[in-house]
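Have a look at the structure below before the remarks.
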Amino acid sequence: MKPMAGCRVLITRPAHQAGSTVAALEQAGADVVLMPLIRIDPPGDPEPLRQAARRVWAGEFDWVVVTSANGAEALARALREARQEPAPPHPHGEVPARLCAVGPATREALEREGLRVACTPERAQAAAVPDALERAGPLAGRRVLLALGDRAA
């Protein structure tokens, strides 16, 4: 008998992001019900994200902190679009700021987008970011862009 046989599990993530979780639960014998309770939409006004991406390419930030895989994908798109504009050259096309991913899923999403992550806190919590950045080097005088969604807490 499978360990989750007879259990019904409700998955509330968007369907396109639930695949591996659903597969693992079904493999364990669970009856999985997919019921997305959130929807990931692009920003209603994309201009602030575009401006932030231009500022990243202009070298205005030392660090960019990304808090979610969805945010990583949106930021990567904005950076690609901003790169199309005239910008100072950077080695190997890399963004001039160092990237911090709040958790492993965010790190993986940034890396899938071809972005190099400089640090990830030991705990996947925003509260752990300052210590992680400090371990990577002094923060005094550094400029940090905190990239998060409009509903992030």
Side-chain angles (χ1 to χ4, degrees), residues 9-25 27 32-153:
V9 179
L10 180 68
I11 303 292
T12 60
R13 295 193 60 82
H16 71 280
Q17 294 181 337
S20 62
T21 303
V22 169
L25 288 167
Q27 181 70 25
V32 178
V33 178
L34 193 58
M35 184 180 294
L37 296 180
I38 64 170
R39 184 179 68 224
I40 308 301
D41 288 329
D45 178 6
E47 193 52 32
L49 180 57
R50 287 181 186 141
Q51 287 177 11
R54 287 192 291 268
R55 292 178 65 197
V56 168
W57 279 117
E60 292 185 32
F61 299 103
D62 299 295
W63 282 99
V64 176
V65 178
V66 185
T67 61
S68 72
N70 292 312
E73 293 165 5
L75 178 65
R77 273 191 306 277
L79 287 169
R80 279 193 302 274
E81 290 170 8
R83 182 79 166 123
Q84 303 303 316
E85 301 171 6
H90 298 285
H92 313 293
E94 294 178 11
V95 296
R98 296 172 77 190
L99 299 177
C100 174
V102 169
T106 304
R107 179 185 196 96
E108 290 170 14
L110 287 166
E111 290 172 345
R112 270 194 312 272
E113 295 288 346
L115 297 169
R116 187 182 339 188
V117 177
C119 81
T120 304
E122 291 175 16
R123 292 170 295 144
Q125 299 172 338
V129 169
D131 289 339
L133 295 179
E134 189 68 38
R135 279 193 302 280
L139 283 179
R142 300 290 182 237
R143 298 155 303 167
V144 178
L145 171 65
L146 178 59
L148 29 95
D150 67 349
R151 297 221 172 25

Under a 3.5 Å distance rule, please check whether R143 uses its side chain to pair with a backbone N or O of E60 as donor and acceptor. yes

Tested for side chain to side chain contact (heavy atoms under 4.5 Å, CB included) against V64, the lone hit among V95, L75, L110 is L75

With T21 as partner, the option from V32, I11, V9 fulfilling side chain to side chain contact (heavy atoms under 4.5 Å, CB included) is I11

Review point. More than 12 heavy atoms of other residues, nucleotides or ligands under 6.0 Å from CD of E113: is that the case?
Key: yes

- prompt: Should we count CD of E122 as having more than 12 external heavy atoms under 6.0 Å?
  reply: no

Between [X] and [Y], what is the shortest heavy-atom contact and its length?
| X | Y | value |
| --- | --- | --- |
| L139 | P130 | CD1-O, 3.9 Å |
| T106 | A69 | OG1-N, 3.5 Å |
| A132 | P121 | CB-CA, 3.8 Å |
| A78 | L49 | CB-CG, 3.7 Å |
| G141 | D62 | O-OD2, 4.2 Å |
| W63 | L99 | CZ3-O, 3.8 Å |

Original post:
Hey, does L79 have a side-chain heavy atom less than 4.5 Å from the side chain of L115?
Top reply: yes

Query raised in the report: Any side-chain heavy atom of V65 within less than 4.5 Å of one from V102?
Result: yes

Start with the C-alpha distance between C119 and L133, add both sets of side-chain angles, then the distance that settles side chain to side chain contact (heavy atoms under 4.5 Å, CB included), and finish with yes or no. CA-CA 7 Å; C119 81; L133 295 179; 3.8 Å; yes

For the atom pair [atom1] ([X]) and [atom2] ([Y]), what is the distance rounded to the nearest 0.5 Å?
| X | Y | atom1 | atom2 | answer |
| --- | --- | --- | --- | --- |
| Q17 | I40 | CD | CD1 | 5.5 Å |
| R54 | R83 | CZ | CZ | 15.0 Å |
| E81 | R77 | CD | CZ | 8.0 Å |

The side-chain hydrogen bond (donor to acceptor under 3.5 Å, both in side chains) partners of D131 (sequence neighbours excluded) come to none

message = As a quick check of understanding, evaluate side chain to side chain contact (heavy atoms under 4.5 Å, CB included) for L146 and T67, giving each step before the final call.
response = CA-CA 8 Å; L146 178 59; T67 61; 3.9 Å; yes

Cationic N near anionic O, under 4.0 Å, R142 to E134:
no

